[in-house]
K.L.:
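Can you keep this structure in mind? I'll have questions shortly.
Because the structure is a prediction, the values reported are computed rather than measured.
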Amino acid sequence: MRATERVMGLRVTPLTARRLRSFRANKRGFWSLWVFLVLFVLSLFAELLANDRPLVVSYQGGLYFPVAVDYPETTFGGDFATFTDYRDPYIAELIEAEGWMLWPPIRYDHRTINYDLPVPAPAPPSSDNLLGTDDQGRDVAARLIYGFRVSVLFGLALTLVSSVIGIAAGAVQGYFGGWTDLIFQRFLEIWGGLPQLFILIIVTSVIMPGFWTLLAILVLFSWTSLVGVVRAEFLRARNFDYVRAARALGMGDGKIMFKHVLPNAMVATLTFTPFILNSSIVALTALDFLGLGLPPGSASLGDLLRQGKENLQAPWLGITGFLVVAVMLSLLVFVGEAVRDAFDPRKTRA
């Protein structure tokens with residue numbers, strides 16, 4: 001077998017190439033990854049998919065881009081110097097008389113209220129609101145797109161920060177052992193026994209919760225998820241011959257940990273990453289459902305589920321929120337299973 005192989009134009013070791021082939025052989029996990037990536041990339045461009053502003057406006061021979069720039073109403077022949085409301089029929093007539101507007105597929109932002117509903121909010125699905133509206137008249141489809149983006153970005157940020165802290169703590173604890181390991185273990189036992197929900201309630205009663213505030217609070221409790229795995233790998237590898245040889249050659253502890261022991265520990269760490277991302281998204285959704293998450297009015301999947309619980313006469317709210325959360329978490333679970341099998345040496349696939 002060659003020392004290196006090419007996968008997607010990159011040179012990788014035979015072991016890495018075998019893992020990639022094993023991952024691709026798991027069709028359910030492989031296609032789940034692609035579906036999740038497509039949904040996530042589309043959500044990154046939510047402003048181009050759901051917005052109460054046109055993407056492009058042509059007026060009197062000039063091109064304007066309201067999705068990126070705020071234009072005053074006087075730019076299009078209006079009477080006031082305030083920001084233009086492109087959904088206003090008067091402004092729409094002025095623009096269409098001397099130009100045209102290119103709208104996104106959904107003509108609502110996640111905060112836009114539809115004041116022209118034929119029935120009281122929450123309104124059922126219609127040609128104007130494909131998935132209906134919530135109890136404040138906001139378009140459900142737009143809030144799903146923006147809420148999906150917020151949930152995934154929050155989960156990725158929480159997973160990245162907590163993983164870095166957990167790997168560093170587990171590495172120090174497992175490599176040095178002795179009193180360092182003993183003190184860390186007692187600290188983790190005390191820290192893990194703290195009532196996380198009560199602390200969140202106290203914090204949210206003192207300060208207004210936001211994206212970064214929630215991220216900081218949840219990092220305080222989620223970084224311990226990888227400590228045990230990394231600690232076990234470092235405890236196992238710290239007395240291997242190659243580590244002893246590096247120490248005998250005068251290599252520092254930090255360089256040994258980072259260059260020699262950490263790559264072996266990362267194998268077990270990567271298998272847990274999709275499941276940690278899954279739990280991070282669930283944490284934000286649960287907090288929003290309880291009213292302890294993002295500020296009121298923010299696009300949130302948990303808020304949509306809460307509205308479905310409070311408006312049982314509008315089943316489209318609860319059903320839509322449940323399906324989106326269930327599909328998203330199922331995709332991540334399938335990806336995690338495929339990654340776990342790819343890194344498991346006992347698993348062999350054709």
Side-chain angles (χ1 to χ4, degrees), residues 1-44 148 151-171 174 222-238 240 242-243 257-283 325-350:
M1 184 177 289
R2 295 175 296 175
T4 60
E5 298 182 18
R6 283 190 173 273
V7 178
M8 298 180 65
L10 300 176
R11 287 188 176 273
V12 296
T13 62
L15 178 60
T16 303
R18 183 189 65 81
R19 289 170 176 169
L20 291 175
R21 287 194 298 268
S22 178
F23 179 81
R24 289 198 299 267
N26 191 322
K27 299 299 183 182
R28 184 175 63 182
F30 179 74
W31 287 110
S32 295
L33 176 62
W34 277 108
V35 172
F36 180 80
L37 289 178
V38 169
L39 295 177
F40 177 56
V41 171
L42 288 177
S43 69
L44 293 178
F148 183 89
S151 298
V152 176
L153 289 178
F154 184 90
L156 290 174
L158 180 58
T159 301
L160 177 62
V161 177
S162 60
S163 297
V164 171
I165 299 175
I167 291 172
S222 62
W223 64 272
T224 60
S225 57
L226 286 176
V227 173
V229 178
V230 178
R231 169 181 173 270
E233 291 293 331
F234 271 77
L235 280 173
R236 183 177 65 89
R238 65 174 183 163
F240 283 176
Y242 66 88
V243 176
M257 294 167 60
F258 181 78
K259 187 175 181 180
H260 295 290
V261 186
L262 183 60
N264 294 327
M266 288 302 295
V267 173
T269 301
L270 290 175
T271 60
F272 280 93
T273 301
F275 301 103
I276 297 176
L277 175 59
N278 203 328
S279 61
S280 301
I281 295 175
V282 170
V325 174
V327 170
M328 176 173 56
L329 299 183
S330 298
L331 292 175
L332 291 176
V333 169
F334 295 153
V335 173
E337 291 176 349
V339 173
R340 181 190 60 193
D341 293 343
F343 281 94
D344 190 350
R346 298 170 298 180
K347 299 283 186 178
T348 57
R349 297 182 181 276

K.L.:
Calculate, to the nearest 0.5 Å, the distance between atoms CH2 and CD1 belonging to Trp223 and Ile167 respectively.
P.N.:
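With rounding to 0.5 Å, CH2 (Trp223) is 13.0 Å from CD1 (Ile167).
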K.L.:
Considering residues at least two apart in sequence or located in another chain, which fulfil the side chain to side chain contact (heavy atoms under 4.5 Å, CB included) criterion with Leu33?
P.N.:
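Leu33 satisfies side chain to side chain contact (heavy atoms under 4.5 Å, CB included) with Phe23, Leu37, Val335 once adjacent residues are dropped.
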K.L.:
Name the orientation class of the two ring planes belonging to Trp34 and Phe30 (parallel below 30°, tilted from 30 to 60°, perpendicular beyond 60°).
P.N.:
perpendicular
K.L.:
Taking the side chain as every heavy atom from C-beta outward, state whether Met328 and Leu39 have any atom pair closer than 4.5 Å.
P.N.:
no
K.L.:
Looking at side-chain heavy atoms only, is the closest gap between Ile281 and Leu332 below 4.5 Å?
P.N.:
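In contact.
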K.L.:
Less than 4.5 Å apart, side chain to side chain, heavy atoms only: is that true for Thr273 and Val339?
P.N.:
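No, too far: nothing below the 4.5 Å cut-off.
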K.L.:
Who pairs with Ala237 by side chain to side chain contact (heavy atoms under 4.5 Å, CB included), at least two apart in sequence or on another chain?
P.N.:
Phe240, Tyr242, Val261
K.L.:
So, for Ala342 and Ser22, which heavy atoms are closest and what is the spacing to 0.1 Å?
P.N.:
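Distance-wise, the nearest heavy atoms are CA-OG, 3.6 Å.
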K.L.:
Using the rule side chain to side chain contact (heavy atoms under 4.5 Å, CB included), only one of Val164, Ile276, Leu226 pairs with Thr159; which is it?
P.N.:
Ile276
K.L.:
Looking at side-chain heavy atoms only, is the closest gap between Leu331 and Phe40 below 4.5 Å?
P.N.:
no
K.L.:
Can you name the residues that form a side chain to side chain contact (heavy atoms under 4.5 Å, CB included) with Leu235, not counting sequence neighbours?
P.N.:
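Partners of Leu235 by the side chain to side chain contact (heavy atoms under 4.5 Å, CB included) criterion, ordered by chain and then number, come out as Asp181, Arg231, Arg238.
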K.L.:
Among all residues two or more places apart in sequence or in another chain, which pass the ring pair (Phe, Tyr, Trp, His ring centres under 6.0 Å) test with Phe234?
P.N.:
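Result, ring pair (Phe, Tyr, Trp, His ring centres under 6.0 Å) vs Phe234: none returned.
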K.L.:
Hey, are the side chains of Leu158 and Ser222 touching, using non-hydrogen atoms and a 4.5 Å cut-off?
P.N.:
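Touching, per the 4.5 Å side-chain cut-off.
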K.L.:
Could you tell me the separation between the OG atom of Ser280 and the CG atom of Leu153, rounded to the nearest 0.5 Å?
P.N.:
12.5 Å
K.L.:
Suppose we screen for side chain to side chain contact (heavy atoms under 4.5 Å, CB included). Which residues come up paired with Val333, at least two apart in sequence or across chains?
P.N.:
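If we apply the side chain to side chain contact (heavy atoms under 4.5 Å, CB included) test to Val333, skipping adjacent residues, the hits are Asn278, Glu337.
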K.L.:
Are there more than 12 heavy atoms of other residues, nucleotides or ligands under 6.0 Å from atom CZ of Phe272?
P.N.:
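Counting neighbours around CZ of Phe272, 12 or fewer heavy atoms of other residues, nucleotides or ligands fall under 6.0 Å, so no.
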K.L.:
Within this structure, what is the CG-CG distance for the pair Asp341 and Asn26, rounded to the nearest 0.5 Å?
P.N.:
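Spacing of CG (Asp341) from CG (Asn26) equals 6.0 Å.
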